2 protein chains.
Amino acid sequence: MDHLSTTFSALSDPTRRAMLARLSKGETHVSELAKPFLKDMSLPAITKHLKVLESAGLITKTRDAQWRSCRINGTPLKEATDWIEQYRTFWEESLDRLGEYLKTIQAEKKTKGKKHGKKRNG
Amino acid sequence: MDHLSTTFSALSDPTRRAMLARLSKGETHVSELAKPFLKDMSLPAITKHLKVLESAGLITKTRDAQWRSCRINGTPLKEATDWIEQYRTFWEESLDRLGEYLKTIQAEKKTKGKKHGKKRNG
DNA sequence: TTGTTAATTAACCGTTCGGTTAAATAGTGC
DNA sequence: GCACTATTTAACCGAACGGTTAATTAACAA
C-alpha cells in the first residue's frame, strides 16, 4: 500500500485517533495508553492498533526496560494535510457560493419586501 | 461509522483519490470519469468507489438524462484537515528540532572553520 | 529460580472491502 | 415497441480488518 493510503487508513479508526489525541499530550508506555480503552477491548487489540499506527509512521516506540514508550510523529500528518490542501478551493469555493446565495436571497427579500410593502433591516 | 472515520476511510484508496483529482479539474459523468480506470477494473467496481465517495459526502451526483454527473464537494476535506491541524505542532516541532540541529552543526562548522582558518558567510 | 508485570504473537472468527460476472434498471431515439 | 447507451444492483469470492482467548517473550525483583 502507498504511503498516503496507509496514513489515511490508519486515521480512519476512532480508537487510533483517540490514541493519537492521548499521545499529543505526551509520551506514554503502552499499558498507560491502553487504560482508557480496556473497557472496550483487550490488550492484544490495542497492540494491533499501535502496530497500525507505527507502521504508518504516526508513532514511534522506544524500549524502556520492560515498557514500550510511544511518541507521536507528525510527518505523515503533514503529508496528509499537504495532499488535502490542494483541494482547499473546493471548500472555500462553496463558502463563496454560500456567500453568493445569501446575497441573492437577501436581494430577493428586499424585492419582495418592496412588493408587499414589507421591509427588513433597511 | 462516524463522519471523520468515513472521510479518512474514503481517502485511503488510491483509485478514489485519483477520482477526486480528476473531478478537481471539473465535473464529469461516470463513464468519462471511469475511462482511465477501465484498464484496471470493471465499471461496477467504479460504481462502488463512487458510492463510497458519495456516502462520505466527498462528491455529489446529479442526474442529467441517462448520465450521472459527478462533482467534488470539499466540506469533508475541510473537516479532515481541521482535525489534522490540531497536530500541526508535531511536524513543526520536528522541523524546529531540525532547525536546532542545523544551528548546532553550523556552530560546529564555524568552530572548525576557525580552527582550520576557514570561514563562510561572516 | 521463581514469580510478577509488560507487551506481543498465534490462532481463530465474523464482517467489511475491493474486485468479479451476469442481470436489471433507466433514459434516448428510431 | 425495440435497440442502444449509461449506470446500478445482485450474488459471489478471496483478502484484510478488528476483535477475541490462550500462549509466549522479555525484563525486573525477591
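Below, chain A is the first sequence line, B the second, and so on; all start at residue 1. Just so you know, these numbers come straight off a predicted model, no measurement behind them.
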**Request:** Examine distances only and state if a side-chain atom of A:S24 and a backbone atom of A:A21 form a donor-acceptor pair shorter than 3.5 Å.
**Result:**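 Yes, the answer is positive, given that a donor and an acceptor are paired below the 3.5 Å cut-off.
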**Message:** Under a 3.5 Å distance rule, please check whether A:R22 uses its side chain to pair with a backbone N or O of A:A34 as donor and acceptor.
**Reply:**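 No, because the side chain of A:R22 does not come within donor-acceptor range (under 3.5 Å) of the backbone of A:A34.
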Polar atom pairs between nucleotides 21-30 of chain C and protein, under 3.5 Å, N or O only, would you list them?
{"residue": "C:dT28", "atom": "O4'", "partner": "B:Q66", "partner atom": "NE2", "Å": "3.4"}

**Asked** Taking the six-membered ring for Trp, are A:F8 and B:F8 parallel (under 30°), tilted (30 to 60°) or perpendicular (over 60°)?
**Response**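 Because their plane-to-plane angle is under 30°, the rings of A:F8 and B:F8 count as parallel.
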**Request:** At the 4.0 Å heavy-atom cut-off to chain A, mark where contacts on DNA chain D begin and end, going 5' to 3'.
**Result:**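 Span of nucleotides near chain A: D:dG18 to D:dC28.
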**Asked** Considering the options B:R68, B:H29, B:K51, which one meets the side chain to side chain contact (heavy atoms under 4.5 Å, CB included) requirement together with B:K61?
**Response**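 Of B:R68, B:H29, B:K51, side chain to side chain contact (heavy atoms under 4.5 Å, CB included) with B:K61 is met by B:R68 alone.
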**Asked** Are B:R88 and B:E85 close enough for a salt bridge, meaning some N to O gap below 4.0 Å?
**Response**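 Answer for the salt bridge query: yes.
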**Prompt:** Is the shortest side-chain N to carboxylate O distance from B:R17 to A:D2 below 4.0 Å?
**Reply:**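 Looking at A:D2 together with B:R17, the answer is yes, because their closest N to O distance falls below 4.0 Å.
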**Request:** Assign A:T47 to base, sugar-phosphate, or nothing according to its heavy-atom contacts below 4.0 angstrom with the strands shown.
**Result:**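 Base: the residue A:T47, judged by heavy atoms under 4.0 Å, touches a nucleobase.
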**Asked** Pick the nucleotide of DNA chain D nearest each of A:S12 and B:L50; which residue has the one closer to the 5' end?
**Response**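 Result: B:L50.
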**Message:** Are B:T15 and B:I46 packed together at the side-chain level, in the sense that at least one heavy-atom pair is separated by less than 4.5 angstrom?
**Reply:**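 In short, these two side chains do not touch, never coming nearer than 4.5 Å.
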**Prompt:** If you measure from CD on A:E79 to CD1 on B:I84, what distance do you get to the nearest 0.5 Å?
**Reply:**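 One gets 11.0 Å once the value is rounded to the nearest 0.5 Å.
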